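Here is the structure we will look at.
A quick note: this is a predicted structure, and the numbers were derived from the prediction, not measured.
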Amino acid sequence: FWQHLSGGEIFLNEKKLFRIISNIRHYFNKDIGLSTNAFWAKNETIALQKVKTLTELGVNGIAISADYYHQQKMAIDGPKILAKVLKESSLKTHSYLMGARLHKNVEDASKVNDATNDITKEINEHLDLPIAIAHERSIGKGCRINNPKYPGIPQGKCTELNTCLGKRSPFNPAMVW
């Protein structure tokens, strides 16, 4: 039903990203989305051009990562600019703000979650984009902050695969990530 591209930040290699999207669209005639932290949205002109290119390539939606973790490293301006451009574009139907929350039993969870709520609220002022409340997953950098804590690289069967595949199975995924 849906192909979703995410990273790390997928716009770090924009030419390769656009080539991948073109290849997906060649073989796949359903929805394509991507996640970005919008570091590249320096002004509305740049954001409009990239959104236009993505639309022409067949992208249906963009998730903007905006939360406590992202805004420690980068200004909130990029996500604000991209959110405004998306609200005025044809991609607004499947675009949203995505802010990672911690599970309540994780240290400093309420501080982190309150900060994320404030950030998404500031970006979304007067725009009314959907906000996806997603818990930080225990993969990648999330292994260092979230539960369950793994002593190293997990061994054996993957128990969190359905987080990435929706509520289905590896053989019948709702989304390929």
Side-chain angles (χ1 to χ4, degrees), residues 1-67 69-71 73-101 116 119-120 123-124 126-142 158 160-177:
F1 300 107
W2 184 268
Q3 293 274 335
H4 189 88
L5 303 164
S6 62
E9 175 52 46
I10 61 172
F11 274 90
L12 289 174
N13 190 332
E14 189 175 293
K15 286 181 183 179
K16 188 177 276 187
L17 169 66
F18 292 163
R19 194 170 64 244
I20 290 168
I21 294 169
S22 293
N23 287 332
I24 291 171
R25 181 50 69 209
H26 180 76
Y27 295 101
F28 183 76
N29 194 25
K30 296 187 181 185
D31 290 325
I32 299 173
L34 56 90
S35 298
T36 180
N37 64 26
F39 79 92
W40 47 267
K42 304 293 184 200
N43 58 53
E44 282 190 40
T45 303
I46 292 170
L48 279 166
Q49 181 55 51
K50 292 212 193 306
V51 167
K52 181 178 182 253
T53 300
L54 291 168
T55 303
E56 289 169 355
L57 289 170
V59 171
N60 305 93
I62 298 175
I64 304 170
S65 297
D67 52 44
Y69 298 105
H70 287 89
Q71 272 45 76
K73 305 282 185 196
M74 58 176 279
I76 200 170
D77 300 342
K80 278 184 172 181
I81 290 166
L82 181 56
K84 183 177 186 290
V85 166
L86 287 175
K87 185 62 178 180
E88 298 166 357
S89 80
S90 61
L91 292 181
K92 65 185 175 196
T93 304
H94 293 296
S95 294
Y96 55 94
L97 294 172
M98 182 173 51
R101 278 31 173 218
T116 293
I119 289 163
T120 54
I123 292 168
N124 209 22
H126 308 297
L127 296 178
D128 198 33
L129 283 173
I131 298 174
I133 298 172
H135 283 98
E136 185 73 32
R137 291 174 290 148
S138 295
I139 60 174
K141 291 180 183 176
C158 178
E160 294 188 3
L161 197 54
N162 69 334
T163 303
C164 296
L165 296 175
K167 299 298 178 192
R168 293 188 168 192
S169 73
F171 305 106
N172 186 18
M175 175 190 309
V176 176
W177 211 317

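- Contact check for D67 versus H70: side-chain heavy atoms found under the 4.5 Å cut-off.
- Defined by atom type and a distance below 3.5 Å, a donor-acceptor pair is present between the side-chain atoms of T53 and Q49.
- Under the ring-ring contact (aromatic ring centres under 6.0 Å, His included) criterion, F11 pairs with W40, not counting sequence neighbours.
- The CG atom of N60 sits 11.0 Å away from atom CG of L54, with the distance rounded to the nearest 0.5 Å.
- Here CG of N37 is found 12.0 Å from OG of S6. Values are rounded to the nearest 0.5 Å.
- Taking each heavy atom of Q71 and P79 in turn, the nearest pair found is NE2-CG, 3.9 Å.
- When side chains are defined from C-beta on, T55 counts as touching S90, because their heavy atoms get closer than 4.5 Å.
- In this structure, CD1 in I21 is found 5.5 Å from CG in L34, a value given to the nearest 0.5 Å.
- Counting non-hydrogen atoms of neighbouring residues, nucleotides and ligands closer than 6.0 angstrom, the CG atom of N43 exceeds 12 such neighbours.
- Looking at Y96 and I64, their side chains never come closer than 4.5 Å, going by heavy atoms from C-beta outward.
- Considering only heavy atoms from C-beta on, N23 stays 4.5 Å or farther from F28 through its side chain.
- The shortest distance between side-chain heavy atoms of K30 and Q3 does not fall below 4.5 Å.
- Taking NZ from K42 and CD1 from I81, the interatomic distance works out to 9.0 Å, rounded to the nearest 0.5 Å.
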Just do the side-chain contact (heavy atoms from CB on, under 4.5 Å) check on K50 and E14 with the steps written out, would you?
CA-CA 10 Å; K50 292 212 193 306; E14 189 175 293; 2.8 Å; yes
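- For the atom pair NZ of K84 and CD1 of I123, the computed distance is 14.5 Å after rounding to the nearest 0.5 Å.
- Under the 4.5 Å side-chain criterion, counting only non-hydrogen atoms from C-beta, S89 is not in contact with K52.
- Between T45 and L48, the closest side-chain pair of non-hydrogen atoms is not below 4.5 Å.
- Using a 4.5 Å heavy-atom threshold, the side chains of E9 and S35 count as separate.
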Could you go step by step and tell me if I24 and L5 meet the side-chain contact (heavy atoms from CB on, under 4.5 Å) rule?
CA-CA 10 Å; I24 291 171; L5 303 164; 3.8 Å; yes
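- Distance alone, capped at 3.5 Å, is enough to place a donor-acceptor pair between the N13 side chain and the K16 backbone.
- Shown here for G58 and I32, the closest heavy-atom pair between the two residues is O-CB, 4.1 Å.
- Within the model, atoms CD1 of I20 and CZ of R25 stand 14.5 Å from one another, a figure rounded to the nearest 0.5 Å.
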side-chain contact (heavy atoms from CB on, under 4.5 Å) for L91 and V85? Distances and angles first, verdict last.
CA-CA 9 Å; L91 292 181; V85 166; over 6 Å; no
For the pair Y69 and T116, evaluate side-chain contact (heavy atoms from CB on, under 4.5 Å) and give the outcome as yes or no after the intermediate values.
CA-CA 8 Å; Y69 298 105; T116 293; 5.8 Å; no
